[in-house]
Amino acid sequence: MKKQYSYIRTGILGLLLSTQAIYAQNTVTFRTDAPAQTINRNIYGHFAEHLGHCIYGGFYVGDTSAIPNTNGVRKDVIAALRKMKIPNLRWPGGCFADTYHWKDGIGPKEKRPTIVNTWWGNVTENNSFGTHDFLNMCEELGAEPYLSGNVGSGMVQELADWVQYANFGGKSPMSDLRQQNGRKEPWKVRFWGVGNEAWGCGGNMRPEYYADLYRKFATFMHADWKNDHIFRIASGANSSDYNWTEVLMKNIPRHMLEGIALHHYSFVDWDKKGDAVDFTEQQYFLTMKTALFMDTLIRKHTAIMDKYDPEKKVALVVDEWGGWYNVEGGTNPGFLFQQNTMRDAMIAGATLNIFNNHADRVRMANLAQAINVLQSVILTKDDKMVLTPTYYVMEMYNVHQDATLIPVDIHSNDYTLGNETLPAVSVSASKDNNGVTHISLVNIDANKTQEITLDTKSQTYKTLSGRLLISAKLQDYNSFAQPEKIKPVAFKGATLKNNTINVKLPPFSVVVLELK
Ligand code: AHR
């Protein structure tokens, strides 16, 4: 992203104006020279780990619950996620995945062994939400499942059996077992993670060792189980560990690798994360700095991938991202529950714009996590449900799913705090299958309205409408007492004349424009 920082200070005029900075207008220009590129809907994916109340109490309440449910999954949650157009869901972890043995979660629920969740609060769970529950729930949601396999503490045979159990339509020991457990047709799961954070909770491995292990596991997850479309995702780098990507790209043959992951969280300071709601502008600024760093990360990991895969066959899968703060006071520290404010809406809007603009390499991503954990789209408490500001950003942006990216050149004013600056404005644009153009704009500046002139070049439009997500304070959030404090409203701050759009984007707001 280019920034234009213009002080006009020339000659006499400069002297007259010496105390007053004149900021250039923000400009956005549609590029007409770039190749057509689809924004993969899977960029808008989510993540559900056995962690705190993400699964139990979040998605799943059990079929004997008084809370309305479909096979134990909350009906309110299903309706909200369908409306948001959730394209895929990653499960069962995260760190939990490398402790999970999938055979413990199938068959009669009363006979399933328990598991102690050693990563997250040391709670004992009864495995009542397992493979069938998850994959059937994904069908109900209209989302593609993304299963994260156990490499850290699991065996090759165990993961190969899971692929066979989920995907094989013929007669085999695992498909027989699946049928005994009530599911005749295979689910045909496409997305498979080969371990998670292998550099950390997934086994503390070195990249060379993991690359070899990946080759071994992936060999037995191949298409012999009649799934032509299996998409294997290697456990990827922790943020700026570029060497991890380099070693994996170098050592794993292309025909064994469909995606490589990347994890990057946004925070004030990893050791002093601060409160999710009660934060200063300085803490907000630092959080946005780490969020916008996603653009640099994608560029640098992509440059490494391009060396080994210039045709961009291997996808960069950002399968964990989002804001991470201190857990809410009085809640289990291992459950990672945090509220979700307009700061999170800024992270979501700006990050999704980054992903859209890198749609050639970033073809899948998963916000961490869907319900009651970290940057959630949904919070639940008993029978109540709250949709967070992040939910509304995801819902507003779903117009980009599977649309054609319109690349843009952006010249943004700075958002300045102390001696530091960040680009205030972020933008992405796309044209959908019906020929409708959508432009998503974010102003992260905590104080100033940004005026933007947008040149659509040869594209002309007759009508313009928009939706705006805004609130009085950055620290505002939707609570169980006030669930609808923040929700999108009609946006009246844009005008269209020929092929120029003028937008007045209020401080810390997200807007999606629709042009026909
Ligand atoms: O999302 C929470 C945790 O963060 C995940 O379990 C792990 O993969 C990451 O470190």
Side-chain angles (χ1 to χ4, degrees), residues 42 45-52 54-55 58-59 86-106 115 117-120 125 127 129-135 137-138 141 143-156 158-167 187-203 205 210 213-214 216-218 220-221 227 230-238 248 257-265 315-322 336 364-371 373-374:
N42 288 312
H46 291 266
F47 174 29
E49 181 163 9
H50 285 234
L51 195 178
C54 185
I55 298 295
F59 280 97
I86 180 172
N88 72 70
L89 188 60
R90 178 174 184 244
W91 176 83
C95 295
F96 180 78
D98 282 293
T99 64
Y100 184 64
H101 301 284
W102 68 271
K103 284 181 187 161
D104 294 348
I106 55 170
I115 180 170
N117 194 332
T118 47
W119 286 112
W120 308 117
E125 72 142 283
N127 267 312
F129 188 87
T131 298
H132 289 248
D133 308 275
F134 175 70
L135 294 177
M137 178 178 89
C138 284
L141 291 170
E144 269 202 74
Y146 168 8
L147 292 175
S148 207
N150 180 348
V151 169
S153 71
M155 308 293 281
V156 176
E158 188 180 355
L159 188 47
D161 280 354
W162 207 11
V163 177
Q164 188 191 141
Y165 189 88
N167 286 359
W187 290 278
K188 296 265 177 196
V189 177
R190 185 161 60 125
F191 300 122
W192 292 85
V194 184
N196 167 74
E197 296 195 350
W199 40 264
C201 64
M205 302 175 208
Y210 171 70
L213 210 51
Y214 175 95
K216 183 163 146 184
F217 272 76
F220 300 95
M221 297 167 71
N227 186 342
I230 200 160
F231 190 105
R232 293 155 299 187
I233 300 162
S235 166
N238 178 17
L248 264 52
L257 182 68
E258 285 74 34
I260 187 164
L262 168 67
H263 288 183
H264 175 65
Y265 286 94
L316 183 59
V317 177
V318 190
D319 58 12
E320 287 187 30
W321 67 275
L336 307 187
M364 185 161 173
N366 302 78
L367 176 63
Q369 298 193 5
I371 308 182
V373 171
L374 300 178

Point to revise | Nearest atoms (heavy-atom pairs only) where W192 meets N167 | key: NE1-ND2, 3.7 Å
Check your understanding: Just checking, any donor-acceptor pair under 3.5 angstrom between side chains of W162 and T131?
Key -> yes
Point to revise | N196 side-chain N/O to G93 backbone N/O, donor-acceptor pair under 3.5 Å | key: no
Check your understanding: Rounded to the nearest 0.5 Å, how far does CD1 of I86 lie from CG of N42?
Key -> 10.5 Å
Exercise for review: Verify whether the ring centers belonging to Y165 and W102 lie closer than 6.0 Å.
Suggested key: yes
Check your understanding: What's the verdict on side chain to side chain contact (heavy atoms under 4.5 Å, CB included) for V163 and I230, showing C-alpha distance, side-chain angles and the deciding distance?
Key -> CA-CA 9 Å; V163 177; I230 200 160; 3.8 Å; yes
Study note, to complete from the structure: All heavy atoms of A48 vs all of C54, minimum pair found to be CA-SG, 3.7 Å
Review point. Quick check: does any side chain N or O of S148 sit under 3.5 Å from a backbone N or O of G193, one acting as donor and the other as acceptor?
Key: no
Check your understanding: With a 4.5 Å limit on heavy-atom distance, are the side chains of L248 and Y210 in contact?
Key -> yes
Exercise for review: Could you grab the distance from atom OG of S235 to atom CZ of F217, nearest 0.5 Å is fine?
Suggested key: 12.0 Å
Check your understanding: Side-chain contact, heavy-atom cut-off 4.5 Å: I260 with L316?
Key -> yes
Check your understanding: Would a distance-only check, ignoring hydrogens and angles, find a side-chain to backbone donor-acceptor pair under 3.5 Å from N150 to Y100?
Key -> yes
**Study point:** Contact check, side chains of W120 and L336, non-hydrogen atoms, under 4.5 Å
**Key:** yes
**Study point:** Check: C95 main-chain N/O paired with E197 side-chain donor or acceptor under 3.5 Å
**Key:** no
Practice item. In plain terms, say whether R90 and E320 are close enough for a salt bridge, that is, a side-chain N and a carboxylate O under 4.0 Å apart. Key: yes
Review point. Tell me, do L262 and W321 make a side-chain contact under 4.5 Å, heavy atoms counted?
Key: no
Revision key, fill the gap. Contacts of N238 meeting side chain to side chain contact (heavy atoms under 4.5 Å, CB included) (sequence neighbours excluded), chain-then-number -> W199
**Study point:** Pair W91 + H46: ring centers closer than 6.0 Å
**Key:** no
Check your understanding: Does the side chain of Y265 come within less than 4.5 Å of L374's, by heavy atoms?
Key -> yes
Review point. In Å, rounded to the nearest 0.5 Å, how long is the span from CZ of F191 to CG of L147?
Key: 11.5 Å
Point to revise | Residue pair M364 / N88, side-chain heavy-atom distance below 4.5 Å | key: yes
Check your understanding: So do M205 and L213 actually touch side chain to side chain, heavy atoms under 4.5 Å?
Key -> yes
Check your understanding: Taking the side chain from S153 and the backbone from D98, do they hold a donor-acceptor pair closer than 3.5 Å?
Key -> yes
Check your understanding: Is there a side-chain contact between M137 and L89 (heavy atoms, below 4.5 Å)?
Key -> yes
Exercise for review: Give a yes or no on whether the backbone of N127 and the side-chain of E125 come within a donor-acceptor separation of less than 3.5 Å.
Suggested key: yes
Review point. Can you tell me how far CZ of F59 sits from CG of D133, rounded to the nearest 0.5 angstrom?
Key: 13.0 Å
Exercise for review: May I ask you to decide if A218's main-chain N or O and R232's side chain share a donor-acceptor pair within less than 3.5 Å?
Suggested key: yes
Review point. Looking at L135 and A166, what are the two nearest heavy atoms and their distance?
Key: CD1-CB, 4.4 Å
Exercise for review: Go through H132 and W187 one step at a time and tell me if the ring-ring contact (aromatic ring centres under 6.0 Å, His included) criterion holds.
Suggested key: CA-CA 9 Å; H132 289 248; W187 290 278; 4.9 Å; yes
Exercise for review: Could you verify whether a donor N or O on one side chain and an acceptor N or O on the other, from W119 and E49, lie under 3.5 Å apart?
Suggested key: no
Check your understanding: Is it true that the side chains of D319 and H263 contain a donor and an acceptor less than 3.5 Å apart?
Key -> yes
**Study point:** side chain to side chain contact (heavy atoms under 4.5 Å, CB included) between V194 and M221, worked out
**Key:** CA-CA 10 Å; V194 184; M221 297 167 71; 3.9 Å; yes
Review point. Taking atom CG of N117 and atom CZ of F96, what is their separation to the nearest 0.5 Å?
Key: 5.0 Å
Review point. CD of E144 to CZ of F231: how many Å apart, nearest 0.5 Å?
Key: 10.0 Å
